[in-house]
Amino acid sequence: MQIKSAVFEMSSPDLASCPQSVRPDFAFIGRSNVGKSSLINALTRKKSLAKVSDLPGKTKLINFFLINNTWHLVDLPGYGFAKVTKRQRADFNESVADYLENRENLLCVFVLIDSNLPPQRIDLEFLEWLGGTQTPFVLVFTKADKKSAAFAHSNIALFKKEIAGWWGGELPGIIVTSSETGAGRSEVLEVVAETLKSKNYRTGA
Ligand code: GDP
C-alpha cells in the first residue's frame with residue numbers, strides 16, 4: 001500500500017467523542033518511549049505527523065489521522081503509568097480501554113514492543129488484557145537497528161516464549177521494524193491493506 005495522504009483529523013478524550021465515521025481504524029499503542037511517534041512518521045513518511053500527539057494536552061487523547069482519505073491511523077496514549085492486571089479492567093486509561101473494547105470500526109491494533117529490552121511485565125500484562133477483548137492485534141517490535149539483529153531477535157524469542165500457550169497456543173502476527181532503516185514498514189502497511197481487503201473496504205492506494 002502506498003500512503004498518498006496523511007492528515008491530522010481530530011483528538012478525542014473518550015470513545016463517545018471519536019469521529020462517527022464509516023472509515024475503519026487501525027490503532028497504535030505501546031509503552032511511552034517505545035518508538036511510536038517515530039514509527040507513525042516512518043509509515044506516513046511525514047517527519048512530524050505524530051508530533052501533533054505530543055502537543056501539550058494531547059498526550060492522553062486518542063489522536064486520529066486520516067490516511068488516503070480511506071482509513072484512520074489512530075495514535076493511542078502510551079501506557080506504563082499504571083498497573084494492568086488480568087482481573088482489573090485496564091485502568092491505565094479508561095478511555096483507551098473503552099475505545100479498544102467497544103470501537104466498532106476498529107479493525108486491528110498494532111502493539112509496539114521495544115526489541116532492545118527483555119520481556120517487560122507491563123507489555124505482557126497489557127497483552128493479556130487485550131487478548132481478552134477479542135480485538136485483533138499484531139505485535140510490532142521496534143528499534144531493531146539499535147544494537148544488532150541478533151540482540152533484537154533474542155529478545156523477541158524470549159517474548160514469544162512468554163506468550164507461548166496464551167490464546168490457545170496461537171501466536172499473533174509479529175513484525176520487526178526500525179524507523180531508522182525503514183525495516184518492517186511495508187509489512188505493517190501490508191497488514192492494513194490485507195485487512196481492508198478482507199473486510200471489503202477500499203485501500204485508497
Ligand atoms: P514514543 O514515545 O513511543 O513516541 O517514542 P519516540 O518515537 O519519540 O522514540 C523514543 C526514542 O527512541 C527517541 O529517542 C527516538 O529517536 C528513538 N527511536 C525511535 N525509533 C527508533 C528506531 O527505529 N531505531 C532507533 N535506533 N531509535 C529509535
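First listed ligand is number 1; within each ligand, the first listed atom is number 1. Note that the numbering runs from 1 along the sequence shown for the chain.
- For ligand 1, one of its N or O atoms has an N or O atom of Gly35 under 3.5 Å away.
- The presence of a protein heavy atom under 4.0 Å from atom 26 (N) of ligand 1 is confirmed.
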Checklist entry - Where do Met1 and Val191 land on the side chain to side chain contact (heavy atoms under 4.5 Å, CB included) test, with the steps shown first? => result CA-CA 9 Å; Met1 170 190 283; Val191 169; over 6 Å; no
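- For Lys47, there are no side-chain contact (heavy atoms from CB on, under 4.5 Å) partners, not counting sequence neighbours.
- Protein heavy atom closest to atom 12 (O) of ligand 1, with residue, atom name and distance, is Lys143 NZ, 3.1 Å.
- Between Lys146 and ligand 1, no N or O atom pair is found at a separation short of 3.5 Å.
- Under the 4.0 angstrom criterion for non-hydrogen atoms, Asp145 is in contact with ligand 1.
- Within the listing of ligand 1, atoms 1 (P), 2 (O), 3 (O), 5 (O), 10 (C), 11 (C) sit less than 4.0 angstrom from a heavy atom of Asn33.
- Within the 4.5 Å cutoff, no side-chain heavy atoms of Thr142 are placed close to those of Ile113.
- Of all the atoms in ligand 1, the ones that sit under 4.0 Å from a non-hydrogen atom of Ser178 are 23 (O).
- At a 4.0 Å heavy-atom cut-off, ligand 1 does not touch Leu112 at all.
- The side-chain contact (heavy atoms from CB on, under 4.5 Å) check on Thr135 picks up Leu106, Val109, Leu130, Thr133, with sequence neighbours excluded.
- Taking any N or O of Ala144, backbone or side chain, none lies under 3.5 Å from an N or O belonging to ligand 1.
- The shortest side-chain heavy-atom distance between Leu76 and Phe28 does not fall under the 4.5 Å cut-off.
- Counting only distance, with no hydrogens or angles, the side chain of Asp25 and the backbone of Asn105 share no donor-acceptor pair below 3.5 Å.
- The option from Ser38, Ser37, Gly30 that lies nearest to atom 20 (N) of ligand 1, judged by heavy atoms, is Ser38.
- Within ligand 1, the atoms closer than 4.0 Å to a non-hydrogen atom of Glu180 are 22 (C), 23 (O), 24 (N), 25 (C), 26 (N), numbered from 1 in the order shown.
- For Phe64 and Trp71, the gap between ring centers reaches or exceeds 6.0 Å.
- Two residues are said to be in side-chain contact when any heavy atoms from C-beta on lie closer than 4.5 Å; Phe141 and Leu112 fail this criterion.
- Between Ser179 and ligand 1, an N or O atom pair is found at a separation short of 3.5 Å.
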